[in-house]
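All of these numbers come straight from a predicted model, not from anything done at the bench.
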Amino acid sequence: MSHGPLPDRDDKTIAAAGTGLAPAIDRGLAVLNSIIVVFASIALVAACTILSYSVLSRALFKAANYWQDEAAVFLLVGATFMTAAYVQQNRGHIGIEAFVGLLSPLANRIRLWLVDAATFLFCAFFTWKSWTLAHEAYVDGQVSNSMWSPPLAIPYSLMALGMSLLCIQILVQLALPFVGARRP
C-alpha cells in the first residue's frame with residue numbers, strides 16, 4: 001500500500017542527464033527499450049490472437065492446431081524477457097516498501113544500490129546460463145517435441161538477449177551515482 005510518492009521511485013521514466021559513458025548508455029537503453037516495448041506489445045496482441053484463433057478453430061471447426069500453443073508461448077517468452085530492462089529502467093518491479101518510509105533518503109539510495117547489486121549478480125548468472133542454453137540448443141539443433149518442431153534456440157536466444165539487456169541496464173544504474181549523473 002502506498003500513500004504518496006516513494007523516495008526510491010521518483011527517478012522513473014526519463015533517462016539520466018549528464019555527460020559521460022554511463023548517462024549516454026542509459027539514454028541509448030531508454031530509446032532501445034521504448035522500441036522493444038512496441039514490438040513486445042505487438043507480440044502480446046499476436047499471442048492473444050493466436051490463442052483466440054486456436055480456441056475458435058478447435059471449437060467451431062474441430063481443426064487441429066499443433067502450432068498455436070508453441071507460437072504463443074514463444075511470443076510470450078520473448079515479450080517477457082525482452083522488456084525486463086524497460087521494467088528495471090522504470091523501477092516498475094515489485095518491491096518491498098516497508099523500509100522506504102522509515103529510512104532517510106541517503107539510506108534509501110544505499111538500500112536501492114545494494115538491491116541493484118544483488119539483482120545484478122543473480123541476473124548475470126541467469127544470463128550466462130541462458131546463453132549457454134541457447135548455444136547448446138543451436139549447436140545441437142534442438143527442437144520442441146511437437147509436430148511443428150520449431151527450434152528451441154529461438155526462445156532461448158530471446159531469453160538470453162533480454163537478460164543481457166537487463167544486466168546492462170542494472171550496471172548502468174549501479175554506475176550512475178558514481179559518475180554524478182542525476183535522473184531528472
Item to check | Nearest-0.5 Å distance, CE of residue Met82 to CG of residue Leu165 | outcome: 5.5 Å
Checklist entry - Is there side-chain contact between Leu166 and Thr127, with at least one heavy-atom pair below 4.5 Å? => result no
Checklist entry - Are more than 12 heavy atoms from other residues, nucleotides or ligands located less than 6.0 Å from atom OH of Tyr86? => result no
Item to check | Which atom of Pro23 lies closest to which atom of Leu176, heavy atoms considered | outcome: N-CD2, 3.9 Å
Next on the checklist: Using 0.5 Å steps for rounding, measure from the CZ atom of Phe125 to the SG atom of Cys167.
Outcome noted: 12.0 Å
Item to check | Step-by-step ring pair (Phe, Tyr, Trp, His ring centres under 6.0 Å) determination, Phe120 to Trp113 | outcome: CA-CA 10 Å; Phe120 173 75; Trp113 192 89; over 10 Å; no
Checklist entry - When rounded to the nearest 0.5 angstrom, what is the spacing between CG in Leu44 and CG in Leu75? => result 8.5 Å
Checklist entry - Hey, what's the ring geometry for Phe126 with Phe81, parallel, tilted or perpendicular (30° and 60° as the breaks)? => result parallel
Item to check | Expected output: side-chain Ser41 to main-chain Val37 donor-acceptor under 3.5 Å | outcome: yes
Checklist entry - Shared ILVMFWY cluster between Leu76 and Trp67, side chains joined below 4.5 angstrom? => result no
Next on the checklist: Please give me the minimum heavy-atom distance between Ala85 and Gln169, naming the atom from each residue.
Outcome noted: O-CG, 3.6 Å
Next on the checklist: Donor-acceptor pair, distance only, cut-off 3.5 Å: does the side chain of Asp26 make one with the backbone of Ala22?
Outcome noted: no
Checklist outcome for this item: Between the OG atom in Ser52 and the CG atom in Leu56, the distance rounded to the nearest 0.5 Å is 6.5 Å
Next on the checklist: Looking at every non-hydrogen atom in both residues, tell me the closest pair between Pro151 and Val143 and how far apart they are.
Outcome noted: CA-CG1, 4.0 Å
Item to check | Cluster link Met163 to Val73, ILVMFWY, side chain under 4.5 Å | outcome: yes
Item to check | Between Gln173 and Gln88, a side-chain donor and acceptor under 3.5 Å | outcome: yes
Item to check | CE-NZ distance between Met159 and Lys129, expressed to the nearest 0.5 angstrom | outcome: 11.0 Å
Checklist outcome for this item: On a heavy-atom basis, the closest approach of Ser144 and Leu152 is N-CG, 3.8 Å
Next on the checklist: With a 4.0 Å cut-off on N to O distance, would you call Arg111 and Asp116 a salt bridge?
Outcome noted: no
Checklist entry - Is it the case that one hydrophobic cluster holds both Leu32 and Ile25, taking links as side-chain heavy atoms less than 4.5 Å apart, direct or via other members? => result yes
Next on the checklist: Within the 4.5 Å heavy-atom criterion, are Tyr156 and His135 side-chain neighbours or not?
Outcome noted: no
Checklist entry - Have Trp131 and Ser157 got a donor and an acceptor in their side chains that come within less than 3.5 Å? => result no
Item to check | Test item: Leu114 and Ile110 side chains (from C-beta on) under 4.5 Å apart, heavy atoms | outcome: yes
Next on the checklist: Within the 4.5 Å heavy-atom criterion, are Ser146 and Tyr66 side-chain neighbours or not?
Outcome noted: no
Next on the checklist: Rounded to the nearest 0.5 Å, what separates atom OG in Ser57 from atom CD in Gln68?
Outcome noted: 5.5 Å
Item to check | More than 12 heavy atoms from other groups under 6.0 Å of CG on Asn145 | outcome: no
